[in-house]
Number of protein chains: 2
Amino acid sequence: MATIEDVAKLAGLSRTTVSRVINDQPYVTEEKKQRIIQAMKQLGYVPNSSARRLRSQKTETIAVLLPRVTNPFYGNLIEAMEERASELGYQVIVCQTHDSKQKELDYLQLLHTKQVDGVVMTSVINEWEEIEPFLQSGPIVLCNEYRAESQVSMVHMDHRLAAYESTMHLIEQGCRRIAYVSGGRESHVSFERKLGFTEALQEKAITFHTEMVIDWAENVQDGQRAFYDLTENFPEVDGIFTGSDEVAAGIIYEAGQSAWKIPGDIAVTGFDNQMLSLLMVPSITTISQPVREMAEKTIEVLYSQIVHKKVYQPSRYVYDHHLLVRNSSKRKTLSFQ
Amino acid sequence: MATIEDVAKLAGLSRTTVSRVINDQPYVTEEKKQRIIQAMKQLGYVPNSSARRLRSQKTETIAVLLPRVTNPFYGNLIEAMEERASELGYQVIVCQTHDSKQKELDYLQLLHTKQVDGVVMTSVINEWEEIEPFLQSGPIVLCNEYRAESQVSMVHMDHRLAAYESTMHLIEQGCRRIAYVSGGRESHVSFERKLGFTEALQEKAITFHTEMVIDWAENVQDGQRAFYDLTENFPEVDGIFTGSDEVAAGIIYEAGQSAWKIPGDIAVTGFDNQMLSLLMVPSITTISQPVREMAEKTIEVLYSQIVHKKVYQPSRYVYDHHLLVRNSSKRKTLSFQ
DNA sequence: TTGTATGCGTTATCAG
DNA sequence: CTGATAACGCATACAA
């Protein structure tokens, strides 16, 4: 493997001059420049990136923490992030936490050991006190997830309002005994969503059936299980708010195998507007998030924090959502209220 | 940021000794060891990974090249790869090529510039002659994709046979005018599949309608377009072989919006056994691939090639598939043959 | 416009 | 068992 030294020798010049043309800096004659370029070609020279990293204290790499890539929401997020990062000349390391506190901390170590210049967290498992110290090693930006108390930049949408609108829609469709089915860990996001859910119920003076809350449903299989749990234990259920299109799809699939009609007997809403929500029969009422915009903004914010180290000005961007009403919830409103 | 030097000073010892305890090498008194550990803690010392890389010529990082993360097949692949790599102490860089030759080459440069120790390619866009030179910079392993002529390790399944079985199944269901709808670029994989498709037709003396070949369909939207192209131009079509569950889902979705019945009028098969194929109505007949096993084997092969640099023995692993017959193709066999 | 010298933080070699 | 010293490959102050 040729080094800068080899190139310099072959061109009959010094390492410095070679370095100058590599980083195209000024002050180098066109003639010598060509001589060096020629030599580089001849030797198949490529700058060694480990050496550059050590010397320049930059890695041009960022880590993106997420639960798992195959969760379509996070998949979409990292897809867009990688594209934007690539445009800015950055590499992206995938860090799947699988909702493990330990793995989350392990991956944050990448920041500490200078393997990455910055970190994006799309979910937060540990208490914030565990995370905060890592901010001294480099910038962290929260995307999707948020923490009110923390001094970091955040990019997300208003999950409380989204859940509120979705729930209100179920109520308007005549639902009165609504189950709340959401995903794993207790994140700020799910906290906010449940807040919106209960606000809507309260506003319409509808009872919040705490027995009808399921907090372990994240994917299609969970949705299938949730359907049985709910219909067996609470046959009076007439509406289900879910935290993801996958869970909603699982419910709808199992309903299809049973005598329950959707939306007739039970109206269902999903979240995220995945392709799946459009393809299911019935199609799923859901909340669309501007995933790509949020992902790109996140990378841009992180990028600018990496570049302007000094100016540590945490910023916050809140994006709009849209309620997409589809067939899984659309039914004749009972003449009730 | 504390360095090894700081730790040495604080402990009143030399860098060498500190280095020894970091890499727990023998020959260091328990007492001094403790003294050093104490000092490291006190300073919050963490070894600088850039320096280690430069010194050891290892990055403990691999690059995984794929078209896009949100294609569920590749998403599943990289999910499993990241997990296995993580177990082996390796980081994974996501490299989305978007089927661009240039991006593929750009990402391969990571190997050349020593930013990664090895590369996994799950698709190959460029001619093999373009790729081959990179083998001199480090190991490359092909997963899913394969190249008969090349001297690299490969992990994949028999796409020819899978397509053959799938097509044969359509024929057994009474299909006689079968369309072939597959994805973008001309890969070896798609070549093999088409081979299996034509073999099945030939064996049953059924005409291969080359007009009924679509080669640009990769996702749900494409499937939707393909449905219209096909049914408008060839209303006699009675079977469709597709290269992915997404495309099949798009077709089924559009059929649902029209007067066409699936599988009654047209039988459809997908590929990959995504969750989607089970959830669609009708559920999609498809080919299941042992994605996780292939992904893990790929990482293990790459790992061993990284570790045992010298022994460059390209290996090849072929995995089994399964035809899963579901409703999208199941129909009363016409009393025909 | 070009070159010299130095250091980024580690680890390996070799001498003590 | 321990430590001084030399790389690893590059970029940058400083000198010329």
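Predicted, not measured: the structure shown is a model, and the values here were computed from it. Computation of the quantities below employed the complete heavy-atom set of this structure, encompassing side-chain atoms and omitting hydrogens, waters and symmetry-equivalent molecules. Within every chain, numbering begins at 1; the chains are lettered A, B, ... in the order of the sequence lines, protein sequences first and strands thereafter.
- Among the protein residues, A:Glu30 comes within range of no part of the nucleic acid, since none of its heavy atoms lies under 4.0 Å from any strand.
- Contact annotation for A:Thr16: base contact, defined as any heavy-atom pair under 4.0 Å involving a base atom.
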Kindly give the atom pairs (protein nitrogen or oxygen, nucleotide nitrogen or oxygen) under 3.5 Å for nucleotides 6-9 of chain C.
residue, atom, partner, partner atom, Å
C:dT6, O4, A:Arg15, NH2, 3.0
C:dG7, N2, A:Arg55, NH1, 2.8
C:dC8, O3', A:Gln57, NE2, 3.4

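- With respect to the salt-bridge test (charged N to carboxylate O, under 4.0 angstrom), the residues A:Lys297 and A:Glu293 do not qualify.
- Under the 3.5 Å distance criterion, the side-chain polar atoms of B:Glu130 are left unmatched by any main-chain donor or acceptor of B:Leu105.
- Counting any heavy atom pair closer than 4.0 Å across all strands shown, B:Glu31 reaches no nucleic acid atom.
- Using a cut-off of 4.0 Å between Lys/Arg side-chain N and Asp/Glu carboxylate O, A:Arg52 and A:Glu60 are scored as not salt-bridged.
- Taking the six-membered ring where tryptophan is involved, the planes of B:Tyr146 and B:His156 are essentially parallel, since the angle between them stays under 30° and well short of 60°.
- Between B:Lys101 and B:Glu104 there is no salt bridge, since none of the side-chain N atoms of the basic residue sits less than 4.0 Å from a carboxylate O of the acidic one.
- A distance of 8.0 Å separates CD1 of B:Ile125 from OG of B:Ser100, quoted to the nearest 0.5 Å.
- Counting non-hydrogen atoms under 4.0 angstrom, B:Arg20 reaches a base of the nucleic acid.
- More than 12 heavy atoms of other residues, nucleotides or ligands shown are found within 6.0 angstrom of CD on B:Gln25.
- Contacts of B:Thr29 with the nucleic acid, taken as non-hydrogen atoms under 4.0 Å apart, involve only primed sugar atoms and P, OP1 or OP2.
- The footprint of chain B on DNA chain D, defined by a heavy-atom cutoff below 4.0 Å, extends from D:dC1 to D:dG9.
- A search for ring pair (Phe, Tyr, Trp, His ring centres under 6.0 Å) contacts involving A:Tyr303 returns A:Tyr90, not counting sequence neighbours.
- As rounded to whole Å, 13 Å separates atom C1' of C:dT1 from atom CZ of A:Arg35.
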